[in-house]
Asks: 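This is the structure I want to talk about, given as structure tokens.
Every chain is numbered from 1 and lettered A, B, ... according to where its sequence line falls, protein lines coming before strand lines.
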2 protein chains.
Amino acid sequence: MTPLVRSRLGGAAPPGIKADVDRRPVTLEEVARIAGVSRATVSRVVNGVATVDRELRQVVEKAISTTGYTPNRAARSLVTRRAGAIGLVLPDEGRTVHDPYFGRVVSGVLPVIRPLGVQLVLTTGDHREVVDDIRQHRLDGVILIHTHATDPLPRQLIEANLPVVLAARPVRPMSITYVDVDQAAGAALAADHLISSGCRRLATITGPLETPAGQDRLRGFLDTTTRHGLPEPLVVEGDFSREGGAEAARHLTDAGLDGLFVASDLMATGALPILRNAGLRVPEDLKVVGFDDSSPAVECDPPLTTVRQPVEDMAAEMARLLVDRVDRPDRPVSSVVFAPTLVLRESA
Amino acid sequence: MTPLVRSRLGGAAPPGIKADVDRRPVTLEEVARIAGVSRATVSRVVNGVATVDRELRQVVEKAISTTGYTPNRAARSLVTRRAGAIGLVLPDEGRTVHDPYFGRVVSGVLPVIRPLGVQLVLTTGDHREVVDDIRQHRLDGVILIHTHATDPLPRQLIEANLPVVLAARPVRPMSITYVDVDQAAGAALAADHLISSGCRRLATITGPLETPAGQDRLRGFLDTTTRHGLPEPLVVEGDFSREGGAEAARHLTDAGLDGLFVASDLMATGALPILRNAGLRVPEDLKVVGFDDSSPAVECDPPLTTVRQPVEDMAAEMARLLVDRVDRPDRPVSSVVFAPTLVLRESA
DNA sequence: TTCCGCTGTGAGAGCGCTCTCTGAACCCTC
DNA sequence: GAGGGTTCAGAGAGCGCTCTCACAGCGGAA
């Protein structure tokens, strides 16, 4: 399909991968023998250590390319105590994996770590498995996404001083590296847009208010309406699910609203049919802004104006922070907060 | 080996604040010393080799649990030449990763391999990376999803006799293990449903006809209409994309249809608004059946009656076939075809 | 010259595990 | 009781790599 991939294959295709699978693979030892140097010198060349004579380096490099040598990662891991792999931990297989958000994380992480020769290992949030994987040196660190308030895993990893990065601000403050979007700023973006579109009778369907995201989005929304001197908006708590959005919307159909901020696109997809069935036209009667810019936002009717998190960028940053922490565990934790943007579609 | 080394383990932490990560983990050697047996015996217990005396086994097991021993996978890999990891190869990061299908594959694979202690490594279809990973013994085998007709990777892996499983029937017949759904049967299911709902003037929006899925779904559809003695249905080729679905639908608005089979849900989400704008009510005027049962099917309006592939089951089967092949590379390739089901929603 | 420091190379000791091979201990049969 | 067979534990040799340490070689200072 993509010419890029194909062209890259054409030239670089190794002289048959067969050789290495059927036969015993080439070892450092063998390269050393061919180059007429010691194993140590080949190792230096492979690992880019500077203290190798230029000519000798070239001889070694030639031997490497003619033999098609690739280092055995297990052997290297054994001595370096590095797995060369990081884990992406999913809370449970049932939900998150199906969330398009997950795919965006993956496509943000891969381009960062692959050039470093680091693998991305997918694993469930099963506590024991994650810890085991790290203890067995199968994982150098982990990215945790969608952890729940009650999940002891983050704290335990922190206490064990294991490299870990969270995909969101932790529920309770702790000394942990995380990457997040400025949730409140995103909600403010939504509120500002509604207000500047002429809406005056606002409401919001929030996320679960025990989550940081739920809290922050509500706060950003309310702060903005207050700043504009608008009356207290209607607030209905949702749970980030489609059904939760539908249920919340039922409380809003008779409120005479002209603007609604729904704290997640998924909830919005649940809410829209309810609103429509109640005779409210979106956006003519009621303008609706979502949050996440997930695929439901594109697919629903009308397509949703929504707050976009730069998930790929955030994921890439998580990968960078994690790799950095693996390399230098002593460095202080640092977190990064990204700015959201508003994506204009047809619902507001 | 030398007692000196071991005493370093038990003793106080080295100068400076050393993290848990850096603390030397328990080794076989140490468990053996505590249990008063040899390393070999502990290894036997760990690996479940039967020829260990019951009492001795219990002593060893106790030593393992008190020390919290976990085998170092790198060391094991080095000698067994097994990575204990399989790869899930995505064609490119841009598309598939965002496809909910991908998540379903992951959640089908994980429950199969995690109990076996096998890791799931996510990687892009970049040819060199995949081959490198396998050559470096970082991957025991791979599951390829969404390979294109021009992709040389499957054939190369086959020729190199590397364990590989395809997530679909290969474009050109080859001696390769694959798992697929019976595409034609799925299309027949859709056609049967439309016909038994009273539709007589049928059409289909197909997938790209150079793909096996595109071909088979069309064939299954046409075979069924023929069997029922209906007139030749209208056939418009699509490309499995939302836009392709919309484009194809434009050719169908004036055809006086009462039944439409769209060969993918995503295309259906593109087609539905076009049909609605043309004044066709779904399902009153025109019944529509999709294919895939992906999330768009749920989210679109009206929710789509569609053909469901048992993706999780299929993925689990892929994992099983792959693991099996890794264990016994000499066994003949065998493929598995799953039966699709019809999911009734509101569009037909 | 002698000594020092510096650069760059090789030798060799492991990393933690598996697995073969040896041999002790025991049981059976004649 | 001897011979043979069977069972099961231990010794030891690696797997392929990294990394420390010793040291050769060389230029320059004393």
Asks: Check whether any side-chain heavy atom of L120(B) lies under 4.5 Å from a side-chain heavy atom of I86(B), and answer yes or no.
Replies: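 Touching, per the 4.5 Å side-chain cut-off.
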Asks: Can you find a donor-acceptor pair, distance only, under 3.5 Å between R81(A) side chain and dG16(C) base?
Replies: no
Asks: If you only use heavy atoms from C-beta on, which nucleotide in dG16(D), dT18(D), dG14(D) is closest to the side chain of N47(A)?
Replies: dT18(D)
Asks: I want to verify a distance call: between dG16(D), dT18(C), dG10(D), whose nearest atom is closest to the L78(A) side chain?
Replies: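 The answer is dG16(D).
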Asks: Sequence neighbours excluded, which residues qualify as salt bridge (charged side-chain N to carboxylate O under 4.0 Å, His left out) partners of R155(B)?
Replies: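 Expected list: none.
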Asks: Hey, is the side chain of R44(A) pairing donor to acceptor with the base of dG10(C) inside 3.5 Å?
Replies: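 It does, because a donor-acceptor pair links the side chain of R44(A) to the base of dG10(C) below 3.5 Å.
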Asks: Is there a side-chain contact between F338(B) and V179(B) (heavy atoms, below 4.5 Å)?
Replies: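 Sidechains of V179(B) and F338(B): in contact.
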Asks: Taking the side chain of A40(A) as its heavy atoms from C-beta onward, which of dG16(C), dC19(D), dC17(D) lies nearest to it?
Replies: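 Per side-chain heavy atoms of A40(A), the pick is dC19(D).
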Asks: Is any side-chain heavy atom of L144(A) less than 4.5 Å from a side-chain heavy atom of L157(A)?
Replies: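 Side chain of L144(A) against side chain of L157(A), heavy atoms only: contact under 4.5 Å found.
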Asks: Between dT9(C), dT18(D), dG16(D), which nucleotide has the shortest distance from any of its atoms to the side chain of T41(A)?
Replies: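 Shortest atom-to-atom distance from the side chain points to dT9(C).
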Asks: Assign each of D53(A) and T70(B) to its nearest nucleotide of DNA chain C by heavy atoms, then name whichever residue's nucleotide is nearer the 5' end.
Replies: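 Taking each residue's closest nucleotide, the earlier one in sequence belongs to D53(A).
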Asks: Quick one: is dT18(C) close enough that its OP1 or OP2 comes under 4.0 Å of any side-chain N or O from S43(B)?
Replies: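 For dT18(C), OP1/OP2 do have a side-chain N/O of S43(B) under 4.0 Å.
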Asks: Determine the contact category for R73(B): base if any of its heavy atoms lies under 4.0 Å from a base atom, sugar-phosphate if only primed atoms, P, OP1 or OP2 are that close, otherwise nothing.
Replies: nothing
